[in-house]
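Worksheet: one structure, shown below.
Please read these numbers as outputs of a predicted model, since none were measured by experiment.
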Amino acid sequence: MADTLTAMQTRSRPYHHGDLRAALLARAEETLRERGPAALSLRELARDLGVSHNAPSRHFKDKEALLDALALGGYERMTEAMLASQDDAGESCREKLEAVVRAYVGFSLDNAALLDLMCSVKKDAQASAALLEAGRRWTELIEGLMLEGQRQGEVREGPLEWIGIPVFATLHGFADLAATGMIAPEAAERGLDEAIAFILRGCAPDGRA
C-alpha cells in the first residue's frame, strides 16, 4: 500500500527540468543532424531526455510544431550571424556584401541538415507567420545592402528584384553544392572566392565589373 501511494505521489509531482523546451530543441537538432527529419519523434526525444512521454506536448503540440520551431531558430541564428558579419566589414557595399555572403555560406556548411529543414518547412502551407517573417529577414538584409549599393553607385540600376535573383541563386546554389559534398572541401574556399567574384560582377554597374 505504501509503495502504491508513493508511486501515485511521484506521478502527480510537477515536472522540473529547467528549460525543457530548449533541451528538446537541442536534442532534436542533434537527431536531425545525425539521422535526418524522419527520425524525429516527440516520444523518442522524451525518452532521450528521461522525461515522461507526454512532457514534450506542453511545448510542442505535434512533430510539425517542433519542426517549425527548429526552422525558426535556424533562421534567427543565421540572420544573427549575417548581421554580425557586418561589424568587421569594410565601408563599401562590395565589402559588406562579401562579408554577408561568407556568413551565409559558413552557416550553411555548419548546419546543412538544419538549412535543408528550414527551406522545406518554410514552403509548407502550415508554416507559422513568425517563421515566414524570419525567413524574409535574411533576404531583406541582403536586399538592403544592394539598395544602399545602388545609392552609392556600386550596384547597377534597375529593379532590385531582378538584380537580386541571380545573387540569391548563386549564393544558395553554391552553399547547397558545398554542403552536400558536390564541391570537395579542399576546393570550397577557392570556389567561394569565385562565387563571390561572380556575384559582385553581376551587381556592378555597366563597365565597372
Expected list for residues 142-150: side-chain donor-acceptor pairs under 3.5 angstrom, two or more places apart:
residue, atom, partner, partner atom, Å
Glu148, OE1, Arg151, NH1, 2.9
Glu148, OE2, Gln152, NE2, 3.0
Gln150, NE2, Arg156, O, 3.0
Gln150, NE2, Gly158, O, 3.0

Atom pairs and distances, donor-acceptor, side-chain atoms in residues 108-115, under 3.5 Å, two or more places apart:
residue, atom, partner, partner atom, Å
Ser108, OG, Tyr104, O, 2.8
Asn111, OD1, Arg77, NH2, 3.3
Asn111, ND2, Phe107, O, 3.0

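By the salt bridge (Lys or Arg N to Asp or Glu O under 4.0 Å) test, Glu76 is found to be paired with no residue, residues two or more places apart in sequence or in another chain being considered. Judged as a side-chain contact (heavy atoms from CB on, under 4.5 Å), and not counting sequence neighbours, the contacts of Asp62 are Glu64, Ala65. Applying the salt bridge (Lys or Arg N to Asp or Glu O under 4.0 Å) test to Glu194 and every residue at least two apart in sequence or in another chain returns Arg190. Partners of Glu30 by salt bridge (Lys or Arg N to Asp or Glu O under 4.0 Å), not counting sequence neighbours, listed by chain and number: Arg27. The side chain to side chain donor-acceptor pair (under 3.5 Å) check on Ser85 picks up nothing, with sequence neighbours excluded. Annotation: salt bridge (Lys or Arg N to Asp or Glu O under 4.0 Å) contacts of Glu189 (sequence neighbours excluded): Arg102. The side-chain contact (heavy atoms from CB on, under 4.5 Å) search around Ala39 returns Thr31, Arg35, not counting sequence neighbours. For the side chain to side chain donor-acceptor pair (under 3.5 Å) test, no residue two or more places apart in sequence or in another chain qualifies with Thr170.
Between Arg58 and Arg21, every side-chain heavy-atom pair lies at or beyond the 4.5 Å cut-off. Using a 4.5 Å heavy-atom threshold, the side chains of Val155 and Cys93 count as touching. Contact annotation: the side chain of Leu25 approaches that of Leu66 to within less than 4.5 Å [non-hydrogen atoms, C-beta and beyond].
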In sequence, state the C-alpha distance, the side-chain angles, and the governing distance for Glu133 and Tyr75, and then conclude on side chain to side chain contact (heavy atoms under 4.5 Å, CB included). CA-CA 10 Å; Glu133 174 59 27; Tyr75 277 117; over 6 Å; no

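Environment of CD in Glu91: sparse, with no more than 12 heavy atoms of neighbouring residues, nucleotides or ligands closer than 6.0 Å.
Residue pairs meeting the ring pair (Phe, Tyr, Trp, His ring centres under 6.0 Å) criterion with at least one partner in residues 151-195, sequence neighbours excluded, are Trp138-Phe168. Each ring pair (Phe, Tyr, Trp, His ring centres under 6.0 Å) pair with one or both residues in residues 140-159, not counting sequence neighbours, would appear here, but there are none.
A donor-acceptor contact shorter than 3.5 Å links the side chain of Lys63 to the backbone of Leu40.
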